[in-house]
Amino acid sequence: MAITKAFTALQNFMILAKTATEDELGLTEKLVYSMLDWFKNFPDVLTILIISLFPILECRGGLIAASLLGVDYWIAIPVCIIGNLLPVPFIFLFIEKIFAILRKTILKKLIDKIENKAMKKSEKVTKYKRWGLLLFVGIPLPGTGAWTGALIAVLLKLNLKDSVISICLGVLMSSTIMFIISYGIPWIISLF
């Protein structure tokens with residue numbers, strides 16, 4: 001009886017999510033729908049790769065888009081992981097130099113704001129180091145992910161090897177959670 005009620009509630013939630021108005025959607029969903037519209041003439045796999053490259057969206061948005069486009073999960077997961085991880089080496093190698101250059105322009109306030117925002121989110125990472133970074137990247141919430149995790153690792157001058165391992169494992173964890181949300185739940189609902 002309780003299981004039936006839970007599945008009914010979940011099914012109603014998914015129906016509501018599919019028919020939600022733009023005001024009822026979250027930031028990630030709005031961005032995904034916008035990007036799907038922008039890239040409608042691109043191959044689906046390229047679209048989800050591009051979406052996974054973007055900060056804020058990362059593999060969260062990529063897997064949502066893949067599910068909406070009907071891309072098989074066994075294709076979508078590696079594409080989203082690769083897309084999510086591609087910017088990380090560039091962040092580690094170049095972000096400090098880029099920020100230093102941009103600080104000499106009118107973008108100084110924006111760069112300071114980005115750094116301050118990342119540092120505010122770094123408390124758990126500072127306390128738990130590699131485990132904190134792994135969880136920060138791995139739990140798919142707004143403002144978390146590989147981009148911010150890499151930025152925090154650079155700003156805190158964390159060990160590069162440990163940081164890269166934590167970020168990679170975090171992206172795998174986030175992808176697993178988003179796979180369950182984007183593919184698993186709709187599949188379960190379709191059974192009923």
Side-chain angles (χ1 to χ4, degrees), residues 26-32 35 45 47-67 73-103 107-185:
L27 176 62
T28 301
E29 291 83 5
K30 286 180 184 178
L31 288 171
V32 167
M35 292 190 87
V45 172
T47 300
I48 62 173
L49 177 73
I50 292 169
I51 290 172
S52 298
L53 284 167
F54 276 85
I56 299 172
L57 296 176
E58 302 190 22
C59 67
R60 270 189 304 275
L63 283 168
I64 290 170
S67 177
Y73 69 88
W74 53 273
I75 294 171
I77 292 172
V79 169
C80 290
I81 289 171
I82 290 167
N84 199 175
L85 289 175
L86 274 176
V88 171
F90 297 99
I91 294 169
F92 277 110
L93 293 172
F94 302 116
I95 199 67
E96 289 180 308
K97 293 172 186 143
I98 292 169
F99 278 6
I101 292 167
L102 292 176
R103 273 205 174 80
L107 299 174
K108 182 187 182 325
K109 287 183 182 180
L110 176 65
I111 299 305
D112 290 341
K113 185 177 179 179
I114 291 170
E115 277 190 6
N116 290 334
K117 200 169 192 176
M119 292 308 288
K120 283 181 186 175
K121 295 177 183 228
S122 71
E123 182 181 320
K124 298 286 187 215
V125 174
T126 305
K127 185 174 180 182
Y128 298 108
K129 302 285 187 225
R130 70 180 86 142
W131 292 106
L133 186 58
L134 185 148
L135 291 174
F136 180 83
V137 173
I139 299 173
L141 296 172
T144 66
W147 277 80
T148 310
L151 179 59
I152 289 170
V154 169
L155 294 175
L156 293 176
K157 308 240 184 280
L158 298 178
N159 178 287
L160 179 64
K161 180 182 170 189
D162 289 344
S163 298
V164 169
I165 291 169
S166 294
I167 290 169
C168 289
L169 291 174
V171 168
L172 291 174
M173 180 177 159
S174 176
S175 298
T176 302
I177 293 168
M178 288 310 299
F179 162 72
I180 292 167
I181 293 169
S182 299
Y183 285 89
I185 292 173

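Quick caveat, the model's predicted, so the values are computed rather than measured.
Partners of Leu169 by side chain to side chain contact (heavy atoms under 4.5 Å, CB included), not counting sequence neighbours, listed by chain and number: Leu134, Ile165, Leu172. Evaluation of the side chain to side chain contact (heavy atoms under 4.5 Å, CB included) rule for Thr47 yields Leu36, Phe39, Phe42, Ile51, Leu69 as partners, not counting sequence neighbours. With sequence neighbours left out, Lys121 forms a salt bridge (Lys or Arg N to Asp or Glu O under 4.0 Å) with no residue at all. Partners of Leu110 according to the side chain to side chain contact (heavy atoms under 4.5 Å, CB included) rule, which considers only residues two or more places apart in sequence or in another chain, are Leu107, Ile114.
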Exercise answer: donor-acceptor pairs, residues 74-95 side-chain atoms, under 3.5 Å, sequence neighbours excluded:
{"residue": "Asn84", "atom": "OD1", "partner": "Cys59", "partner atom": "N", "Å": "3.3"}
{"residue": "Asn84", "atom": "ND2", "partner": "Glu58", "partner atom": "OE1", "Å": "3.0"}

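For Val45 against Ile48, the heavy-atom pair with the smallest separation is O-CG1, 3.2 Å.
Counting only heavy atoms from C-beta outward, the side chains of Lys129 and Asp162 never approach each other to under 4.5 Å. Annotation: side chain of Ser166 is not in contact with side chain of Val137 (no heavy-atom distance under 4.5 Å). Using a 4.5 Å cut-off on side-chain heavy atoms (C-beta onward), Leu155 and Ser122 make no contact. Within the 4.5 Å cutoff, no side-chain heavy atoms of Arg60 are placed close to those of Leu141.
For residues 134-159, the set of pairs meeting the side chain to side chain donor-acceptor pair (under 3.5 Å) definition, not counting sequence neighbours, comprises Glu96-Lys157.
Side-chain atoms of Ser174 do not come within 3.5 Å of backbone N or O of Val171 as any donor-acceptor pair.
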Subject >> Evaluation steps, side-chain contact (heavy atoms from CB on, under 4.5 Å), between Leu151 and Phe99 >> reply: CA-CA 11 Å; Leu151 179 59; Phe99 278 6; 3.8 Å; yes
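Atom CG of Leu158 is separated from atom OG of Ser163 by 4.5 Å, given to the nearest 0.5 angstrom. Between the CD1 atom of Ile177 and the CD1 atom of Ile139 there is a distance of 6.5 Å, given to the nearest 0.5 Å. How far OG1 of Thr126 is from CG of Leu156: 4.5 Å, rounded to the nearest 0.5 Å.
Atom CZ of Phe54 has 12 or fewer heavy atoms from other residues, nucleotides or ligands within 6.0 Å.
Below 30°, between 30° and 60°, or above 60°: for Tyr73 and Tyr183 the angle between ring planes is above 60°, a perpendicular geometry.
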